[in-house]
Amino acid sequence: MQLPTDIADRLRTLDQPSIVQAWHSLDDQGQQRLLQQMRSIEWSLVSECLSLSKPGDPVPQAASLSWLHQARSPQALLMGSSFNHVLPCDALRTGRHALSRGAIGAILLAGGQGTRLRAHGPKGCYPIGPVSKASLYEILCGKLLAVARRYGRDVPLAVMTSCATDDDTRQYFENHSFFGLNSHNVFFFCQQEVPVLHATDKQFMLETPDHIAMAPDGHGGMLTSLAHRGGLDWFVSKGVEQLVSFQVDNPLIEPLSAEFLGYHLLSKAEMTTQVVRKENPRERVGVIVERDRTFQIVEYSDLPHSIADERLSNGCLRFSCGSIAVHCFDISFMIRMSHNRSALPFHVVHKAVPLLLSNGTIQVPENPNALKFERFIFDLLPQAERVSVVEVDRNNCFAPLKNPLGSQSDGPEHVQRSMLAKARAMMESAGVHVDDGIPIEIDCAHILDVDDIPHFIAPGTRMTAPTVVGRSIPISITVSETFHKTQGN
Ligand code: UTP
């Protein structure tokens, strides 16, 4: 079959001769499949991406960062302390009120391919619970469930998937009865994809002989995909006024903390973001910087080491606010931005992508070999009229799962260690003693915070065996049942 002229013209304009060659080596069925895929590609996005990376460029162009010399770390509002006359108790009251009015919605970003983790299936299905083996999805949905129980209102949840994760994620939620959430309050939407380029010759890569390798368009793809698929209207119809977005790979996260929401509301911010103090200059988190009251996140891969390492005279890092990718948006800001086509530009990211060799075998490279094109949701920060930055405790809120078992950092064993340490600290605050070396996990669906622990384990108890706290029969129920039985007799 001849390559249809419109497609041939496109490929010529985009300087992609390798796909034309691949086409000629395919049989009829293969050509049909490749043609069908090429007909479904959003070519305007491809042109936009390719313009970022012209053939012959040695490396992806990082954004020009000379302006960083005039920038500084923003003054973050520390959780639990007062800031600009806002008291933590006022923030708590305001956040609780918003939750009990049903004014808060959640967006779970779960479209990433999770290549570094090298696990089978969506990252959200990874069994991370150190005792329970609960998956990331179960833990994160559990947190929403616990909030709904405490405040008497569901938190509508939109889950962003991609072609790589969509079917499996929907099925997983179905198979697990939506982890107890009301399925009418869960909205799935799939993000867009763009082709992946070989890093050296900037040609499309093939995933199979008749399929171009595609990758989701970054977590920033959330904005247009949510709007186009009706998600923003869905939230509005549910009475949601503020949206919190968070990533699928951090089970420690506290995205619906009433105090965090309260600070966001009381500061009348269009966007509020959570940060932790960076542990070391080279930590792989984006940093928040501020210049002339404009805020921006610079990805760790874009931040030159010389700037990342800079310290102030007091010894602190010059850019010390590490983003943990929990953002709260005023929904009217999101709606306004969804009409702004240039709100979120594409970035070029260097990643390792399996390569189809001419002998038909697949090579999984050790090092990045490909260019992906991604939008970053945090690029909305500079566009927000008012921004707040809230610093949270890393031990309570940050343990990302990025790498496979046995890695130096951000692997399952590191995440589980952090989960166990947080659970142990919570038990101690509730007056429960945990023997050394005994793994204790918190069931997030039943325990929202330390206040819930006495419903399950009485203060003064000593724990001597591995336990998922919250899965046992609540003491309060046992007590009240006994009470009713006694009354009945
Ligand atoms: P990462 O940037 O860590 O990417 O995503 P990843 O896909 O999970 O992992 P690698 O880089 O391939 O190893 C951070 C968060 O953003 C979401 C991910 O699902 C994760 O929650 N994300 C990322 C999307 O939803 N869509 C994307 O296109 C990219």
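Fair warning: this is a prediction, and the values are worked out from it, not measured in the lab. Whatever order the structure lists ligands and atoms in, that order sets their numbers, starting from 1.
Residue, atom and distance of the protein heavy atom nearest to atom 25 (O) of ligand 1 are Gly111 N, 2.8 Å. For atom 8 (O) of ligand 1, the closest non-hydrogen atom of the protein is Lys123 NZ, 3.2 Å. Scanning the protein for heavy atoms near atom 16 (O) of ligand 1, the closest one is His219 CD2, 3.7 Å. When only non-hydrogen protein atoms are considered, atom 11 (O) of ligand 1 lies nearest to Lys351 NZ, 2.5 Å. Ranking the protein heavy atoms by distance from atom 12 (O) of ligand 1 puts Thr115 OG1, 2.4 Å first. Nearest non-hydrogen protein atom to atom 24 (C) of ligand 1 is Gly112 N, 3.2 Å. Protein heavy atom nearest atom 17 (C) of ligand 1, with residue, atom name and distance: Leu109 O, 3.8 Å. The closest protein non-hydrogen atom to atom 15 (C) of ligand 1 is Gln247 CD, 3.3 Å.
Checking side-chain atoms of Lys123 against main-chain N and O of Leu401 turns up a donor-acceptor pair under 3.5 Å. In this structure, Thr361 contributes its side chain and Leu357 its backbone to no donor-acceptor pair below 3.5 Å.
Between Phe378 and His327, the distance separating the two ring centers is not shorter than 6.0 angstrom. Remark: aromatic rings of Phe376 and His219 are close, center separation under 6.0 Å. Checked against a 6.0 Å centroid threshold, the rings of His176 and Tyr172 count as neighbours.
Rounded to the nearest 0.5 Å, atoms CG (Leu206) and CG (Leu34) are 7.5 Å apart.
Annotation for Gln37 and Met214: closest pair NE2-CG, 3.4 Å, computed over non-hydrogen atoms. The two atoms that bring Ser320 and Leu317 nearest to each other are CB-O, 3.8 Å, heavy atoms only. The minimum heavy-atom distance linking Lys143 with Ile253 is given by the pair NZ-O, 2.8 Å. Nearest heavy atoms, Cys141 versus Phe173: SG-CE2, 3.6 Å.
Each of the following atoms of ligand 1 lies closer than 4.0 Å to a heavy atom of Gln113: 7 (O). Shown in contact with Pro216 at under 4.0 Å from a heavy atom are these atoms of ligand 1, numbered in order with element: 28 (O). For ligand 1 and Gly218, the ligand atoms under 4.0 Å from any heavy atom of the residue are 26 (N), 27 (C), 28 (O), 29 (C). Shown in contact with Gln191 at under 4.0 Å from a heavy atom are these atoms of ligand 1, numbered in order with element: 24 (C), 25 (O), 26 (N), 27 (C), 28 (O).
Contact annotation for Ala110 and ligand 1: only backbone heavy atoms (N, CA, C, O) come within less than 4.0 Å of the ligand. Counting heavy atoms under 4.0 Å from ligand 1, residue Met160 touches it through the side chain alone.
Cation-pi geometry between Arg375 and Phe346 is met: under 6.0 angstrom from the ring centre, within 45 degrees of the axis.
Using a 4.0 Å heavy-atom cutoff, Met222 is absent from the residues neighbouring ligand 1. Proximity of Gly114 to ligand 1 is established by a heavy-atom distance of less than 4.0 Å.
Polar contact with ligand 1: present for Lys402 (N/O pair, distance under 3.5 Å). Where the criterion is an N or O separation shorter than 3.5 Å, residue side chain and backbone included, Glu374 fails it with respect to ligand 1.
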